[in-house]
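Side-chain atoms are counted along with the backbone in the values below, which use heavy atoms only and exclude waters and symmetry mates. Naming convention: chains lettered A, B, ... in sequence-line order (proteins, then strands); numbering from 1 in each chain.
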Protein chains: 2
Amino acid sequence: MTCNIDETHDPALVAWVASANGHSDFPVQNLPYAIFRRGDDRARIGVAIGEQILDLAAVADLGLVDADLIAVLQSATLNDLLALTPAARRRLRHRLSFLLSDRGYEAALLPHLVAGADCTLGLPATIGDYTDFYVGIHHALNVGSLFRPDAPLLPNYRHIPIGYHGRASSIRPSGQPVRRPNGQLKLAGQEEPTFGPSRRLDFELELGIWIAGENELGRPIPIGEAPKHIGGFCLLNDWSARDIQAWEYQPLGPFLSKNFHSTISPWIITPEALAPFRQAQPARSEGEPRPLAYLWDESDQHQGGLALDMEVLICTERMRANSISPKRLCRTKTSHMYWTAAQIVTHHASNGCNLNPGDLLGTGTISGPTRDAFGSLLEISSGGAEPVTLPTGETRTFVEDGDEIILRARAEREGFASIGFGECRAVVQPAVT
Amino acid sequence: MTCNIDETHDPALVAWVASANGHSDFPVQNLPYAIFRRGDDRARIGVAIGEQILDLAAVADLGLVDADLIAVLQSATLNDLLALTPAARRRLRHRLSFLLSDRGYEAALLPHLVAGADCTLGLPATIGDYTDFYVGIHHALNVGSLFRPDAPLLPNYRHIPIGYHGRASSIRPSGQPVRRPNGQLKLAGQEEPTFGPSRRLDFELELGIWIAGENELGRPIPIGEAPKHIGGFCLLNDWSARDIQAWEYQPLGPFLSKNFHSTISPWIITPEALAPFRQAQPARSEGEPRPLAYLWDESDQHQGGLALDMEVLICTERMRANSISPKRLCRTKTSHMYWTAAQIVTHHASNGCNLNPGDLLGTGTISGPTRDAFGSLLEISSGGAEPVTLPTGETRTFVEDGDEIILRARAEREGFASIGFGECRAVVQPAVT
């Protein structure tokens, strides 16, 4: 990410929308985009400001943005915005920062602010392709240890940002319930598989990366160009049925254990908003291989890492009935990514594979080194052996029907306004019978 | 496939387009759809008839089809046609069969026939998601034997139609050149991987299945309903870089070894056209497990198999320079599929995964039991150990730059007009340096 810190990040900048100026995920320094609907109205592009959403189609109609941005902002998806050049995307951010902090625009724009609580947020973009990676090294170690105690990390892990293709059609925005999948299960002690509801439904805490711009088929994206192809970030819950996965995944990888539903947070948090929260990629230990040249960039090593705190919470049906707050299951950091977002993008396109605006990449589960930082129940419960106890006395090894899983992320740094991602949440419904 | 044999399959039916009545892939009994362009004209839907293409947008403009089909046929993709009900799709076939065989329409339609040779054929549909399966049991045995001589078939193979997600963005129609991919290779005798052009580029002979209709997320497709979701078939060359694959594929499956380019034949051969060529699914041997109930349907077992002959040919640069005809590398049959198209579709949706019109499924490589029926060079050359000799004296273990790979398929049955799929061909270009 090559974005610089500029006046849009000034912590002294104050929005004329009051709710943006307390401890909000969406102060005027954030300015993420989403697709919103109010009632039966058509889907529109909005920018979050505190608890409000500014209707960007209306801003375009008022002629308050450059002419080249008008049609882009009147669209019903963010694909066109993600197809803009990085310079045009930055120009839009600067304009919105100005419009929302200059009181001179309050009267004109107030009619086009809507309460977030009154809106439904959709998928930000038409997702052409979705790819999931595996760059959380503690997750790879934890999962590898369950299957291969002697050699948890495979020999390729420290050379390749391991990834595989996922299902685009079943990605849904936060708030939509998740149906527990049926599938083939090989139960302990049984010779033959059976078909039925998954008994080991899990969440996975991931960061999503929205692709911007495109590369022609056959043309790789050099690592120095990768930041131009990163249009933003979101939270991603890569729901996983561990029992379906265990039986199906050899030799071609996870399939029906993963593609029944993936939940994302609806706001695209831009790389520009995250400029103050970049950091060096953690140095590799002695003896670890240096990445091959196509994945190596000094600037990316110095500032291609992200300093985000992430957490997962659970709220069961009984907790909701007793008005008990969600319980945190995990708190971790994006600094546990072994590969940067730029390395992920460059590796994906290194064979000429074409990436398009609105494609979504998942990082894979971002666990930390200790149990309170594990990003899935498979890890937290040690493969189902060590249940978690909840405030109601209920225990969990995996997700049960009625449970709501909530993902959050926040960026904080001394001297800057803290920004958040909004929530990624979904309740699990019983399997179809 | 529940389509019945009817008057559109009558072998005595003769088109008023002369080229359709010899040994054509596209007699009036076939009637496949594609997206074509002539010069700079817009993309249009066409139906193949002999060496000609009938412009269906023009047929719609003339009011020669039912009102509900007009907008569908004026589209620039076949997604809307694939979203029609099976009854509407059958109705369209009957109408086109009548229009192309009744001389009364010749004068009106002749101006809207274009020579196939003058047209470029595009992707038939916007492919939302692409999934590749592994149902060619001889291929699974052959590849498994190379990696695991003791246990070539994994325990799940005879229970699950094994599949995994692929890349939709890099699927291209026949005729577009394929760029040899670069990637990480772990060369024999080297400790560390290197990055460079694949040295083991391969083809894979597959059947493609076009999805019609849709199921809501969370709602499976019962096996009895699966035929309604099959909108047609094509040829698919799942280009594969075996050396990239060997190093990257653990633990999540093939990724960059497969997603750099996939070539499909541009014509959608409908299940209606294939009605005479259905056959019983080969009976399972003694001791093989019966499929689980959700994959079992008597009618599908009796007529869910397809009787297609498929072949792969190669033409090297030197062969072209010396006007030597393409050499056949493989001849096989779709009866080597261990699972039917309906079982593939039902398994894919069994966890609630939603399939959409225009999604593409690949069967996986359809090899036969003998070397002359193997559907990839990995198998034909026994992993590179046994080269193939070509008429020029050249040898091949894998595909070299300048080679053209050509896939064909044909359905023949006594008492019926034989139909073909058209070609799926592409020339390999050198890697980007």
Q) For the atom pair CG (A:N156) and NZ (B:K186), what is the distance rounded to the nearest 0.5 Å? A) 9.5 Å
Q. If you count heavy-atom pairs under 4.5 Å with chain B, which of A:G163, A:P177, A:S198 comes out on top?
A. A:G163
Q. Is it the side chain or the backbone of A:L154 that comes within 4.5 Å of chain B heavy atoms, both, or neither?
A. side chain
Q | Heavy-atom pair with the smallest gap, counting every atom of B:S170 and A:L217 | A | CB-CD1, 3.6 Å
Q: Check B:Q250 against A:I162 and note the closest heavy-atom contact, atom names and distance.
A: O-CD1, 3.9 Å
Q: Among the options A:Q176, A:R179, A:Q184, A:R172, pick out the one with the most heavy-atom pairs lying under 4.5 Å from chain B.
A: A:Q184
Q: Against chain A, label B:R180 side chain, backbone, both or neither, depending on which of its atoms sit under 4.5 Å from a heavy atom there.
A: neither
Q) Hey, is CD on A:E216 packed in by over 12 heavy atoms from elsewhere, all under 6.0 Å? A) no
Q: Tell me, out of A:P181, A:P193, A:G128, who's got the most heavy-atom pairs with chain B below 4.5 Å.
A: A:P193
Q: Please state whether the side chain, the backbone, both or neither of B:F260 comes within less than 4.5 Å of a heavy atom of chain A.
A: both
Q: Locate the shortest heavy-atom distance separating A:P289 from B:E192; write the atom from each residue and the value.
A: CB-OE1, 4.0 Å
Q. Between A:R219 and B:V432, which heavy-atom pair has the shortest distance, and what is it?
A. NH1-CG1, 4.1 Å
Q | Pairs where residues 125-149 of chain B contributes a residue and the test salt bridge (charged side-chain N to carboxylate O under 4.0 Å, His left out) is met, not counting sequence neighbours | A | A:R167-B:D129
Q | Distance (rounded to the nearest 0.5 Å) between B:H165 NE2 and A:Y130 OH | A | 9.5 Å
Q. How are the rings of A:F255 and B:F133 set relative to one another: parallel (under 30°), tilted (30 to 60°) or perpendicular (over 60°)?
A. perpendicular
Q) Do any of residues 241-249 of chain B have a heavy atom less than 4.5 Å from a heavy atom of chain A, and if so, which, in residue order? A) B:W247, B:E248, B:Y249
**Q.** Segment of B:L252 engaging chain A (4.5 angstrom heavy-atom cut-off)
**A.** both
Q | Minimum heavy-atom distance A:T194-B:L292, with the two atoms named | A | C-CD1, 4.1 Å
Q. Which pair of heavy atoms, one from A:N259 and one from B:H348, lies closest together, and at what distance?
A. ND2-CE1, 3.8 Å
Q. How long is the gap from CZ on A:F195 to NE2 on B:H347, to the nearest 0.5 Å?
A. 8.5 Å
(Q) Could you work out, with salt bridge (Lys or Arg N to Asp or Glu O under 4.0 Å) as the rule, every residue matching B:E288, not counting sequence neighbours? (A) B:R158
**Q.** chain B neighbours within residues 358-367 of chain A, where any heavy atom lies under 4.5 Å away
**A.** A:D359
Q | Residues, nucleotides or ligands: over 12 heavy atoms within 6.0 Å of A:Q190 CD | A | yes
